[in-house]
Amino acid sequence: MIERREFLAASAAALLMPQLARAQTPGVTDTEIKIGNSFAYSGPASSFATHAKTAAAYFKMINDQGGIAGRKLNFISYDDAASPPRAIEQVRKLVEQDEVAVLFNTFGTAANSATVRYVNEKKIPQLFVYSGADKFSDPKTYPWTLGWQPSYRTEGQIYAKYIRAEKPNAKIGILFQNDDFGKDYVAGFRDVLGASADSMLKTAAHELTDASIDSQLLQLQSAGIDYLISATGPKHAALAIRKNAEAATRPLHIVTNVSTSVASVLTPAGLDRSVGLISSSYLKDPTDVVWADDAGMKEWRAFMAKHYPEGDLKDINNLIGYCFAFTLVKVLQACGRDFSRENILKQATNMNNVTVPGLLPGITLNTSSSNYRPIRQLQLTRFDGKSWVRFGQIIKGADL
Amino acid sequence: MDQLLHQVVNGLATGAIYAVIALALVMNFNSTGHINFAQGEMAMFSTYVAWTLIAMGMPYGVAFLVTVAISFVGGMLLERFVLHRFRNAPLLSVVVVFIALFLGFNAVAGWIWGPVLKDFPSPVSSYKTGTSLVGAHELFVGAVAGAMLLLLYGFFRFTTLGLKMRAVACNPTSSRLVGIRVSWTLALGWGLAASIGAVAGMLIAPLTFLDPHMMTGILLYAFAAALLGGVDSPPGAVIGGLVVGVAENLLGAYVVGAELKMSVALVIVVLVLVYRPQGILGRVTVRRV
């Protein structure tokens with residue numbers, strides 16, 4: 001009896017399915033797609049806020065051009081100050097009150113760590129979280145969540161590959177922020193160095209609120225390191241650059257590509273002190289004259305001039321925000337007319353060599369049902385006093 | 001051995017940073033009987049004022065003095081127009097006001113000046129110390145902290161005004177009965193604390209860069225320093241700051257590692273306060289019931 005009733009209910013549902021699916025995807029109507037976002041507009045990470053403002057301007061531009069499949073993008077963005085409890089509050093509000101179709105570009109490792117479980121329970125595509133933490137690219141644990149940029153772990157692997165090729169027995173000091181972000185780099189180095197990691201690595205942690213990292217640098221320097229890796233955010237990277245430049249024997253300093261902004265890291269640290277720094281990039285540096293006539297960068301500059309004129313053209317955050325928004329629009333365009341959450345996720349995990357205006361030539365977006373890391377390549381860069389100059393081949397992260 | 005020396009000297013330099021903010025806390029406590037949670041943010045705000053004046057082309061020395069004056073007036077106005085209304089409110093309300101000021105100053109600074117790090121000039125940056133142990137500006141911070149300590153100590157110890165302030169903080173009603181103008185004394189205390197905070201901010205910013213969150217971590221350590229040294233004692237604040245700075249470095253480098261240094265440093269402070277609640281140099285408070 002029960003079986004029969006279930007069968008009937010199921011067949012009825014199946015019959016109604018195409019209609020229902022379209023009508024019932026929250027946040028999608030014939031005229032609108034709601035995109036939810038929670039970002040650090042205030043608080044200790046607010047220097048990134050301009051990123052989300054660029055994305056908002058990009059969606060506005062798409063709307064001015066007619067939207068996607070006749071639907072306007074409604075970008076709803078709240079401030080969570082990078083604070084996990086506030087992020088939970090904002091993401092719940094986006095999901096339950098605003099009923100967004102998709103979450104996009106939610107900010108920060110800590111904040112996303114707090115919401116990722118909830119979002120996956122609710123089965124909402126959480127596309128391109130703005131964090132390089134490797135755990136947001138794990139289809140087994142979080143099938144609805146994707147990263148975008150090369151994960152910190154991938155980046156660590158790439159530096160380790162470079163150092164091992166340069167100096168196989170190097171002594172490497174890692175100054176790392178004591179959270180998922182900093183620890184991913186240490187993990188990346190261990191992935192590549194394997195058994196020799198213990199003898200080659202010396203690590204020192206710092207907290208996000210530390211006013212000074214001098215003590216940690218002294219510890220690393222006294223171990224006689226050849227390379228200093230600053231796996232830290234912009235402020236502490238600037239402090240480390242300044243302090244390391246004063247050291248008697250100066251180890252080669254590698255800073256993560258989170259902290260390479262000429263405007264907000266190197267200028268306060270001192271451009272003369274920053275000469276010789278090594279980092280990596282997957283993006284075209286907006287301050288590099290090499291890209292003056294580059295088609296993609298021209299497109300971006302024209303966009304900035306028209307839609308976000310107050311944004312700083314030297315700040316790479318504005319380019320990253322543009323590329324994120326570009327990627328989401330590509331995914332939504334690939335959806336055709338089916339904007340169900342399942343289809344949005346399917347398109348996001350089915351990218352093949354997608355080119356993005358701001359990415360370095362040779363670096364493309366690739367995803368599959370088992371690869372949730374859209375970008376896994378980087379090219380190393382060196383600061384020459386004015387801008388970051390790329391050198392060497394594009395390096396791919398280790399296969400895990 | 002070389003590293004040990006570096007760690008100790010560096011700890012003293014960081015400790016001097018904590019000490020200058022702790023001095024502002026002590027100033028405020030001695031004149032109002034409260035610990036102002038917003039002291040660090042007010043100092044940060046003053047430093048932004050100085051930065052703006054310098055960016056407008058004012059010489060460092062002039063900008064320094066103008067900032068101290070603006071902060072003094074600002075602190076007094078804050079007391080007259082905000083804190084004054086909570087004079088008879090329960091302590092909890094006052095604490096909430098302090099938290100509101102903390103968030104308010106932080107948000108307004110972010111709104112006006114933006115979150116991008118700014119390099120703040122140091123008047124002694126062109127001098128070299130001739131050693132890798134300590135920079136010229138760090139010595140300067142130490143010297144100014146010492147001078148401020150002497151001034152404050154002398155002020156509370158030997159001037160009538162200082163005595164009046166201590167009286168007001170201790171017992172406003174009796175003070176009024178003996179003819180002290182309580183409300184103006186309180187406002188003056190706030191003004192002085194804000195000026196000291198401004199000096200502290202301008203000393204710290206060349207070391208940590210200027211950004212709206214420069215004080216978050218420092219204030220925590222400054223609290224610890226003030227409590228450890230004795231919250232009513234200017235010399236205690238300085239000693240407390242130096243002890244916290246050195247302990248933090250030594251624990252981080254040799255004992256528990258950098259991950260736990262902050263927790264362990266604060267646990268030590270708690271232990272000291274359990275066994276010696278008045279701090280190292282503070283007076284024991286005895287209240288007749």
Side-chain angles (χ1 to χ4, degrees), chain A residues 40-50 79 81-82 175-179 182-183 203-223 233-239 242-243 246-249 259 261 263-271 312 314-315 317, chain B residues 1-11 13-15 17-18 21 40 103 106-107 110-111 114-120 131-135 138 204 206-222 245-246 248-254 257-263:
Chain A
Y41 291 98
S42 63
S46 52
S47 60
F48 291 103
T50 186
D79 180 21
L175 170 73
F176 69 100
Q177 192 167 301
N178 194 14
D179 57 16
K183 287 176 184 169
T203 61
H206 78 82
E207 302 298 328
L208 189 57
T209 50
D210 280 353
S212 156
I213 39 83
D214 293 358
S215 172
Q216 286 88 335
L217 283 189
L218 285 171
Q219 280 178 53
L220 295 177
Q221 284 163 357
S222 67
K235 175 175 180 157
H236 292 96
L239 287 170
R242 197 172 62 183
K243 187 72 183 172
E246 290 165 6
T249 49
S259 306
S261 166
S264 56
V265 179
L266 305 190
T267 305
L271 292 179
D312 183 354
K314 281 193 231 150
D315 190 343
N317 282 307
Chain B
M1 196 57 214
D2 192 37
Q3 205 216 150
L4 178 66
L5 188 63
H6 270 93
Q7 291 285 7
V8 171
V9 173
N10 181 264
T14 319
I17 289 181
Y18 304 150
I21 288 290
L103 295 174
N106 188 295
W111 179 61
V116 174
L117 292 183
K118 293 183 169 50
D119 193 16
F120 193 86
T131 160
S132 64
L133 267 177
V134 63
E138 285 155 337
I204 294 168
L207 295 172
T208 63
F209 298 117
L210 178 56
D211 80 313
H213 307 285
M214 63 183 280
M215 289 297 179
T216 328
I218 295 174
L219 187 74
L220 210 60
Y221 282 105
V246 173
E248 177 197 8
N249 271 14
L250 294 184
L251 288 169
Y254 302 108
E259 286 95 336
L260 281 177
K261 61 172 191 173
M262 191 182 196
S263 328

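Reminder, nothing fancy here: chain letters follow the sequence lines and each chain counts from 1. Given the structure is predicted, the values throughout are model-derived calculations rather than measurements.
- For the set B:Ile17, B:Ile204, B:Leu117, B:Asp119, the count of heavy-atom pairs under 4.5 angstrom toward chain A peaks at B:Leu117.
- Ranking A:Ala238, A:Ser42, A:Ala49 against chain B, the residue ahead of the rest is A:Ala238, based on heavy-atom pairs under 4.5 Å.
- Relative orientation of the B:Tyr221 and B:Tyr18 rings is parallel, given thresholds of 30° and 60° on the angle between their planes.
- Expressed to the nearest 0.5 Å, how far CG of A:Asp214 lies from NE2 of B:His6 amounts to 10.5 Å.
- Looking at B:Asn106, neither its backbone nor its side chain comes within 4.5 Å of chain A, counting heavy atoms on both sides.
- Heavy atoms closer than 4.5 Å to chain B are found in both the backbone and the side chain of A:Ser46.
- The contact between A:Gln219 and chain B is made by backbone and side chain atoms together, counting heavy-atom distances below 4.5 Å.
- With a threshold of 4.5 angstrom between heavy atoms, A:Ala263 approaches chain B through N, CA, C or O but not through any side-chain atom.
- Both the backbone and the side chain of B:Met214 have a heavy atom closer than 4.5 Å to some heavy atom of chain A.
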Salt bridge (charged side-chain N to carboxylate O under 4.0 Å, His left out) evaluation trace for B:Lys118 with B:Asp211: CA-CA 6 Å; B:Lys118 293 183 169 50; B:Asp211 80 313; over 6 Å; no
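- When atom types are taken as modelled, the side chain of A:Asp315 and the backbone of A:Asp312 share no donor-acceptor pair closer than 3.5 angstrom.
- With a 4.5 Å cut-off on non-hydrogen atoms, A:Tyr41 does not touch chain B at all.
- Using a 4.5 Å cut-off between heavy atoms, B:Thr208 contacts chain A through both its backbone and its side chain.
- Atom CG of A:Leu218 and atom CD of B:Gln7 lie 5.0 Å apart (nearest 0.5 Å).
- Donor-acceptor pairing under 3.5 Å is lacking for the side chains of A:Ser215 and B:Asn10.
- With a 4.5 Å cut-off on non-hydrogen atoms, B:Ala253 touches chain A through its backbone and its side chain both.
- Taking 4.5 Å as the limit, every side-chain heavy atom of A:Ser264 sits out of range of all side-chain heavy atoms of A:Ser47.
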